[in-house]
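Notes follow the structure.
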Protein chains: 2
Amino acid sequence: MGAAGDARPRGRPKKAPDAIDEGNRRQELLRAAGRLFRQQGFAATSTRDIAAAAGMRAGSPFYHFENKAALLFAVVEQGMHAALERQAQVLCALPARADTAARLRALVRVHFDILLGPDSDFVPVMLYEWRSLDLPQRRAIAGLQRAYEDAWKTAIEALHAAGGIGGDARLARLMILGALNWSVQWYRVGQGASLDELCDSALQLFVRAPARRGGRQSAPP
Amino acid sequence: MGAAGDARPRGRPKKAPDAIDEGNRRQELLRAAGRLFRQQGFAATSTRDIAAAAGMRAGSPFYHFENKAALLFAVVEQGMHAALERQAQVLCALPARADTAARLRALVRVHFDILLGPDSDFVPVMLYEWRSLDLPQRRAIAGLQRAYEDAWKTAIEALHAAGGIGGDARLARLMILGALNWSVQWYRVGQGASLDELCDSALQLFVRAPARRGGRQSAPP
DNA sequence: CCTACCGATCGGTAGG
DNA sequence: CCTACCGATCGGTAGG
């Protein structure tokens with residue numbers, strides 16, 4: 001993807017005073033870009049801002065990324081890959097005989113974590129800055145989004161068929177995801193409800209059947 | 001607000017070849033700005049783009065507005081004023097003995113119209129570009145938003161108390177409004193569901209009691 | 001990854 | 001509201 005930076009050293013780099021792992025600097029750029037893109041938006045963030053936040057000079061980001069748009073794309077792509085991994089992990093960790101309501105609860109909970117938890121800049125940047133991507137980039141991201149939403153489609157359609165969710169199934173999915181995605185606009189960490197409480201309230205709002213189960217199913221040994 | 005343009009002619013302006021109603025030009029600028037801010041975002045839209053879309057030269061918008069931020073503020077403020085008016089009008093048009101579910105339905109329906117109907121750029125610009133406002137501007141808008149959301153607060157709390165809405169009442173309000181506001185991201189006019197169908201589906205998703213009433217309560221005379 | 005730099009664009013203004 | 005213009009900033013590059 002663009003100018004490759006795959007000259008990453010194999011072992012531990014020699015600790016010369018300025019020895020710097022190139023992969024680390026690239027990742028630092030991504031984190032800085034993600035934070036600034038989320039705070040100010042893509043167009044309002046200069047590559048100089050990003051360079052300074054990563055402790056570099058104005059021209060240096062272009063050693064790691066072809067241009068500003070490539071930086072945005074890398075943030076978004078990495079965000080979606082991480083989100084897909086976390087989603088898959090959470091679904092796999094469910095007990096084999098978990099019902100649909102439990103699956104939906106897991107999806108909602110991990111989604112709040114992806115949007116609002118620690119290191120959660122990348123997916124909000126995707127949600128709110130995707131229009132700054134060009135068409136090929138959008139298409140690449142759309143594939144990852146489809147995979148992410150497929151899990152939701154399955155769970156919501158099953159629950160909808162069982163009468164646990166009202167309205168049109170497709171519109172219900174769009175509106176439920178919208179309700180969660182909008183939390184980026186108003187949720188402030190450490191103020192008000194916890195992510196667990198958010199998850200509970202969301203499910204009580206959207207799901208009719210009393211899907212509550214006291215606590216987690218993983219009881220102490 | 002800013003350089004006043006209140007030399008508006010009283011009657012019909014003499015139709016000289018270039019006779020131009022100043023209020024019209026200002027309004028044309030606002031419409032062009034609203035459309036472009038919605039499409040591309042505030043930071044990615046140049047004042048030259050706006051001027052060109054309104055048929056002006058690069059410097060002319062600054063005859064009507066002090067600076068670019070004042071243009072954004074005017075768009076957002078006008079959007080909120082119009083939204084408040086439409087909301088009030090719809091609530092007043094309800095039959096006196098309309099129940100809470102009918103009030104919520106009216107709020108949802110007019111909200112979709114404000115977000116997705118004809119001439120619906122201004123409120124989406126507020127929702128997605130408010131962070132480009134400075135602090136005093138944000139405070140001014142926050143007052144209008146509070147008024148707009150008060151109607152929702154009343155309706156949702158009443159319905160929540162009656163068991164028609166699940167979860168925490170405040171979080172339910174935030175999530176319901178979020179679900180609707182997010183529709184700006186995916187809804188395309190003329191494709192898929194109509195705004196009436198969106199409204200139906202939203203209420204069936206969020207409200208437990210069978211608040212359906214066949215059609216409108218305003219029967220033919 | 002830094003130094004030094006460039007061309008383009010942008011918000012905004014003077015003066016009419 | 002146009003003409004003509006300015007200073008600042010921005011994305012990006014050459015060369016090391």
Side-chain angles (χ1 to χ4, degrees), chain A residues 2-9 13-14 16-30 32-33 36-37 40-75 129 132-134 137, chain B residues 2-9 13-14 16-30 32-33 36-37 40-75 129 132-134 137:
Chain A
D6 35 16
R8 216 185 294 192
K14 308 271 184 208
D18 275 0
I20 284 156
D21 180 344
E22 275 199 9
N24 275 354
R25 302 312 306 266
R26 187 190 145 99
Q27 198 57 31
E28 279 166 39
L29 270 175
L30 284 180
L36 291 169
F37 288 162
Q40 315 172 356
F42 173 77
T45 301
S46 71
T47 55
R48 281 164 167 81
D49 291 341
I50 298 167
M56 295 177 184
R57 299 308 184 107
S60 301
F62 301 100
Y63 170 75
H64 296 278
F65 297 92
E66 251 194 322
N67 51 39
K68 194 187 174 190
L71 236 173
L72 174 61
F73 180 70
V75 164
E129 304 297 329
S132 296
L133 297 170
D134 62 34
Q137 290 173 329
Chain B
D6 34 16
R8 214 186 295 192
K14 309 271 184 205
D18 276 0
I20 284 156
D21 181 342
E22 276 200 8
N24 274 356
R25 303 311 306 265
R26 187 190 146 100
Q27 198 58 32
E28 279 167 38
L29 270 175
L30 284 180
L36 291 170
F37 288 162
Q40 317 173 354
F42 172 76
T45 301
S46 71
T47 55
R48 280 165 168 79
D49 291 340
I50 298 167
M56 297 178 185
R57 300 308 183 106
S60 301
F62 301 100
Y63 170 76
H64 296 277
F65 297 93
E66 250 194 322
N67 51 40
K68 194 187 174 191
L71 236 174
L72 174 61
F73 180 71
V75 164
E129 304 297 330
S132 296
L133 298 170
D134 62 33
Q137 290 174 329

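Letters A, B, ... mirror the listed sequences (proteins, then strands); counts begin at 1.
Backbone-only contact: B:S46 has heavy atoms under 4.0 Å from sugar-phosphate atoms and none from a base.
Between the CZ atom in B:R26 and the CG atom in B:L30 there is a gap of 5.5 Å [rounded to 0.5 Å]. Taking CD of B:Q40 as the start and CD of B:E129 as the end, the distance is 10.5 Å to the nearest 0.5 Å. Rounding to the nearest 0.5 Å places CD of B:E28 at 14.0 Å from CD1 of B:I50. Taking OH from B:Y63 and CE from B:M56, the interatomic distance works out to 10.0 Å, rounded to the nearest 0.5 Å. For the atom pair OG1 (B:T47) and CG (B:L29), the distance works out to 10.5 Å, reported to the nearest 0.5 Å.
Summarising the geometry, the separation between CD on B:E66 and P on C:dG12 is reported as 9 Å, rounded to the nearest angstrom. A:Y63 has its OH atom 17 Å from the P atom of D:dG16, to the nearest Å. Regarding A:I50, its CD1 atom lies at a distance of 11 Å from the P atom of D:dC10, rounded to whole Å. Atom CZ in B:F62 sits roughly 5 Å away from atom C1' in C:dG11 (whole-Å rounding). Between A:L71 atom CG and D:dG12 atom C1' there is a gap of 13 Å when expressed in whole angstrom units. Look at CZ on B:R57: it is 16 Å from C1' on C:dG16, rounded to the nearest Å. Here D:dC1 presents its C1' atom at 11 Å from CG of B:L29, a figure rounded to the nearest Å. To the nearest angstrom, P of D:dT9 lies 15 Å from NZ of A:K68.
A:R48 has no side-chain polar atom (N or O) that falls below the 4.0 Å cut-off from OP1 or OP2 of D:dT9. Side-chain N/O atoms of B:R25 include one lying less than 4.0 angstrom from OP1 or OP2 on D:dC1.
When base pairs are accepted only as Watson-Crick or G-U wobble with both N-N or N-O distances under 3.5 Å, DNA chain D takes part in stems of 3 or more pairs at C:1-16 with D:1-16.
Ranked by how close their nearest DNA chain C nucleotide is to the 5' end, A:G59 and B:N67 are led by A:G59.
Under the rule for a side chain to side chain donor-acceptor pair (under 3.5 Å), A:Q137 has no partner lying at least two apart in sequence or in another chain.
Nearest heavy-atom pair, A:R48 versus A:A58, reported as atom, atom and distance to 0.1 Å: CG-CB, 3.7 Å.
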